[in-house]
Each structure stands twice: as structure tokens, then as C-alpha cells.
Amino acid sequence: MISNETILILPIALPLLTAIILLLGWGRLIFQRIVYIVSSALVLAVACLLLYIVNANGVVATQVGDWKAPFGITLVADMFSAIMIMLSAIIAFTASIYSFATIDKERERFGFYPLIQTLLMGVNGSFLTGDIFNLYVWFEVMLMSSFALIALGGERKQLEGALKYVTLNLLSSALFLASAGILYGLVGTLNMADLSIKIAGIENKGMVEIVAMMLLLAFGIKSAVFPLFFWLPASYHTPPVVVSAIFAGLLTKVGVYALFRVFTLLFAGSDIAFTAILIISMPTMLTGVLGAAAQMDFRKILSFHIISQIGYMIMGLGLFTQFAIAGSIFYLTHNIIVKTNLFYISGLVEKIHGSNNLKKLGGLYKVYPWLGVLFLIPAMSLAGLPPLSGFWSKFLVVKAGILTKEFLVVGVALFVGLLTLFSMTKIWNEVFWKNLPDKIESTSVILFKSLPIQTKLSFILPIVIFVVITIAIGFFVEDFFALANTAAEQLMNPTLYRQTVLRLP
């Protein structure tokens, strides 16, 4: 039987081993595809098992090389980590299917599959690490892999987007590393469980606040919060759609995860930090949704909405109550599923019509009503219509704001929800409801039924999987919220986390 400690290592080890195998099979595309999807399925199975173990037994930790904490490399999973590993695995598995229909052979030959695996390794490592420095290391693994994926193909727009992406993220990395160095100088440890105990005894509280602000800035760049979000809409629409979907679902959410982990565990007493986070959440919501409203490109609209939705997530952190944190984790779960799916749908629309420009699209509902329905479910969920998952996630964070009497941020959240509905309605009208423009009708439009069966399955299966999950979250909200509430309880009361990592009595 596999031990709990082995289960912790597998979400990192499996993608690493897969990347090595894929490199050894360089140029053998059929072999790479088979290995890629089998590995993704295995990671998904491991993620399910990890979530079950954490739900049954609480926090799980292991020390790599059997070095005792805080001196060795610690891997630890609480409910929040387990949820994020599960979501990462679902996205990786659906992307493995979707990529077969959307990635050209040139990108396959130049390392697309190994790069995705190293990206997944970095994401999972970030979710499982119990050490600030190793969190930085996993961030750099993600940065290198994601930069290569954005630039892969060498198109002009990709290289421009990659340059903007990597410049700001390198600034974030420099701030993160400097913060880690200052923390080590202050307390002599970077193990997060150990830090959470020793940081309370530091006499120089001003320096602690400075480090907290530096980390807020570093993670804020990676999360694309206001005013540090410009790199995201400039880059996320440039790579192949499956890469955009993975980035939309996972990369900014790793930054959000880091904010929740570090500020609940290390800086829970910093009123300044939580006030700053709450204030930042409002312009983040507003600028994202206003940017989306001004766009006429399917994927650019979705890219701006990533920013807007990040505002809702950090709103719960800024409110800093268990209910608010639980609402944010629930919102994070819903948004990862819905946002990834909308990018998948945009890829199918582009495949049929050859464009993401809304002015060049139209008439899809008449030809493919099933595709219109598949779009409406995640779109209306993103906008917050009942009884879908987005309604409950917005309800939870708004209720948390009302309970804490933060009525300004509640008003902003409700207003942004209305503008989100406007954006989704605009996509529906332009892509599905209106007639195809006359000047476009004479051009060749690919008929979905003319595509090979394996291509059709590669497009449809991931979309259907996410639609089913979206509906399930909406109808079984109590079960999903129970997991989010457990995660929030562990974040707000980190005693069990510390005891498990440091093996305290």
C-alpha cells in the first residue's frame, strides 16, 4: 500500500518523470501523446487519493531525505493544498485531451508536451511546499516553462506577449527572493510552519510589515491584481488556446494561493496588509470587467475577466474571516473550472470560424445549438446566475462582506457582477445569436461534422466534463462548501499545520 508520504511526492515526481520520458522520445509524436495522457490520468488519480486522505486524516506532511523540519525540504498538504492539486490535475487531464485537436505538429516536435509537464510540476510543487524558498524555486520552474510555452511557435504576437509576461514576472521573482532573504535574516528559518511561530517573537514589527508588503507586491504581480495586471491581457491571448486555458485556470491562481498561504500563516496579525488587500480588490474587480467590456476579441474578453475574478478571490482574504476565506476558496474552485472551459469554447469557435474577432463571427446557434448551450452554462455561471456555481460563489463572498459591514466592497462586487453579465451577453449576441456578417458568409467556414471523429472528441469531451462539474457544484453546493470551509478553518487555525510539519505534541 502506498504511504501518505509517497502520495505527497507523486504529484511532483510523476510530471518530472513524464517530462524525462518525453524528452527521451523526442520526435515520436504518437508515443509522446500516449505518455502525456496516461501521465495526466495517473496524476488525476493521485490527486483524488490525496484529497480523500486529507479529508479523512487532516494535514499530511513529509520531510524529503528524512531531514527533520525545519532543516530539510518539507512537503505538506492541508485541505487547501489538496483542493488545488485536484483542480490542477483536472485541468491537466482535460488539456491533454484538448491539445490533440489544437496543437500543431511543429509545436509538438519542439517540446510542447515536456514543457506542459514541467509547468505542472512547478504548479504542484508550489501547492505542496512547506518552505518559502522552495516556493520561490517552484515559481521559477513555472516561469521558465510558461515563458517557453508562450513563445513556442515564434510568432510575432507571441514574442511580444512573452516579453511583457517575463519582464514583470522577473520583477516579481526578484521581490520574492529579496523578501525571503530578509525573512531568513530576521528569524533564521524559511520553513513556513517554523516561521509562523518565530515571526511572532520579532521585536522589529516595522520590518515584518515591510516584508509583508514586499510579498504582497510580489504575489500581486503573479496574481495580476491592480495595478500590476497589464502583462496578463497582453500575453494570455497570444499562445495556442489550450496554453491560454491552462494559464487562465492555473498560473494566476498559484499567486492567489501564495497570498492566502503566506498571509494567513505568517502575517495574520498585520491589519495593514489585510486592509491593503481589501482596498486592492475593488479596483482589480473594476478594471478587469471594464477592460473586458471594451474588447471585441473573444479571448481578450476572457483574459480581462481573469483579472476581475481575482478581485473577488482576494476580497475574501481582505475580509479575513473564516466564512470569507471559505467563500473565496469556493469562488476559486468555481472560477478555475468555468474560466478554463470558456477558453476551450473559444478555441472551438476559432476552429469553426477561423477568428476570435466578434465582428467576424455570428450565426453559430442556428447551426450548432448544442454549442450555444455549452457556452451559456459557464458564461452564465461566470456572471453569477442561479442555480449555477457562480451564483453561490458570489453569494458567499458578498454575504461575507455584509457580515463584516464592508458595504463599499460589496457594492463594487455586485456592480461588477452586472458588468460581467453584460460581457457574457455580448459574446452570446455576437458569436451565437446574430447572423454571420454578409462579407464573411462567402468565405469557407469549417463544418464541425466534417472534422475527424478524434478531433471532435478532443474538442467536445473537455468542454462537457467542465460543464458537468459546473452544474454539479451548483446543485451540490453544500458538499463543495464543506470542503472549502474545512480548508478555511485550517488556514485560520494553523495549529494542526504546525504540529504536523514540526511533529509537535
Side-chain angles (χ1 to χ4, degrees), residues 37 90-91 93-103 240-242 244-246 248-249 297-299 301-302 305 334-391 420-437 440-441 443-476:
I37 195 167
I90 292 171
I91 289 178
F93 178 69
T94 58
S96 68
I97 301 170
Y98 195 86
S99 62
F100 298 152
T102 56
I103 295 298
V241 67
V242 67
S244 295
I246 294 170
D297 182 278
F298 201 156
R299 285 167 68 183
I301 291 173
L302 297 179
H305 271 300
H334 135 79
N335 187 255
I336 287 174
I337 298 298
V338 166
K339 183 62 68 177
T340 306
N341 201 17
L342 286 170
F343 270 95
Y344 284 163
I345 293 168
S346 75
L348 180 52
V349 170
E350 185 177 13
K351 180 68 174 179
I352 293 172
H353 270 305
S355 176
N356 271 309
N357 189 327
L358 300 189
K359 294 180 180 179
K360 297 179 180 180
L361 300 172
L364 273 181
Y365 184 74
K366 293 179 181 178
V367 184
Y368 305 113
W370 54 267
L371 181 56
V373 174
L374 290 177
F375 167 78
L376 274 178
I377 292 172
M380 293 302 100
S381 181
L382 189 73
L385 266 64
L388 299 168
S389 60
F391 168 77
T420 304
L421 179 60
F422 165 77
S423 293
M424 294 300 104
T425 304
K426 179 172 74 172
I427 295 175
W428 167 259
N429 288 335
E430 295 291 330
V431 177
F432 295 94
W433 197 246
K434 77 175 187 187
N435 292 324
L436 189 68
I440 307 296
E441 284 185 328
T443 64
S444 59
V445 175
I446 296 175
L447 294 177
F448 185 76
K449 64 182 179 182
S450 68
L451 296 173
I453 184 66
Q454 63 269 26
T455 302
K456 288 191 280 190
L457 286 174
S458 293
F459 272 116
I460 293 299
L461 189 57
I463 293 172
V464 171
I465 288 172
F466 278 139
V467 165
V468 170
I469 294 174
T470 301
I471 294 171
I473 294 174
F475 281 94
F476 298 97

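What you see is a predicted model; the values in this text were computed from it and never measured.
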Where is the tightest heavy-atom contact between Ala248 and Phe343, given as atom of each residue plus distance?
CB-CE1, 3.4 Å
What is the distance from atom CG of Leu376 to atom CD1 of Ile345, rounded to the nearest 0.5 Å?
9.0 Å
Between the side chains of Lys426 and Glu430, is the shortest nitrogen-to-carboxylate-oxygen separation below 4.0 Å, so that they form an ion pair?
no
Has Ser381 got a side-chain atom pairing as donor or acceptor with Ile377's backbone, closer than 3.5 angstrom?
no
Quick one: are Phe375 and Ile427 in side-chain contact, heavy atoms under 4.5 Å?
yes
In this structure, are over 12 heavy atoms from other groups packed under 6.0 Å from Trp428 atom CH2?
yes
Nearest heavy atoms of Ala95 and Ile246, plus distance in Å
CB-CD1, 3.7 Å
I need the Ile336 CD1 to Ile469 CD1 distance, nearest 0.5 Å.
11.5 Å
Please tell me if the side chains of Ile37 and Phe100 come closer than 4.5 Å, counting only heavy atoms from C-beta onward.
yes
Going by the angle between their ring planes, with limits at 30° and 60°, are Trp370 and Tyr368 parallel, tilted or perpendicular?
perpendicular
Checking side-chain polar atoms at under 3.5 Å, does Ser389 have a donor or acceptor matched by the opposite partner on Thr470?
no
Assign the ring pair Tyr344 / Tyr98 to parallel, tilted or perpendicular, where the plane angle (0 to 90°) is split at 30° and 60°.
parallel
So do Ile301 and Asp297 actually touch side chain to side chain, heavy atoms under 4.5 Å?
no
Distance check, rounded to the nearest 0.5 Å: Ser423 atom OG versus His305 atom NE2?
3.0 Å
Note, Met380 side chain near Leu421 side chain (heavy atom, < 4.5 Å)
yes
Would a distance-only check, ignoring hydrogens and angles, find a side-chain to backbone donor-acceptor pair under 3.5 Å from Lys434 to Leu361?
yes
Just wondering, do Leu358 and Asn429 contact through their side chains at under 4.5 Å, heavy atoms?
no
Hey, does Phe466 have a side-chain heavy atom less than 4.5 Å from the side chain of Pro378?
no
Rounded to the nearest 0.5 Å, how far apart are CG of Asn341 and CD1 of Ile465?
10.0 Å
Tell me, do Gln454 and Leu457 make a side-chain contact under 4.5 Å, heavy atoms counted?
no
When you compare the side chain of Lys360 with that of His353, does any pair of heavy atoms fall below 4.5 Å?
no
If only atom types and distance count, is the side chain of Thr340 paired as donor or acceptor with the main-chain N or O of Ile337 below 3.5 Å?
no
Report the distance from atom CG of Asn356 to atom CZ of Arg299, rounding to the nearest 0.5 Å.
6.0 Å
Leu364 side, atom CG; Phe432 side, atom CZ - distance, nearest 0.5 Å
5.5 Å
Taking all atoms of both residues into account, what is the closest heavy-atom pair of His334 and Gly390, and its distance?
CE1-CA, 3.3 Å
Work out which heavy atom in Ile103 is nearest to a heavy atom in Pro240; give both atom names and the distance.
CD1-CB, 3.7 Å
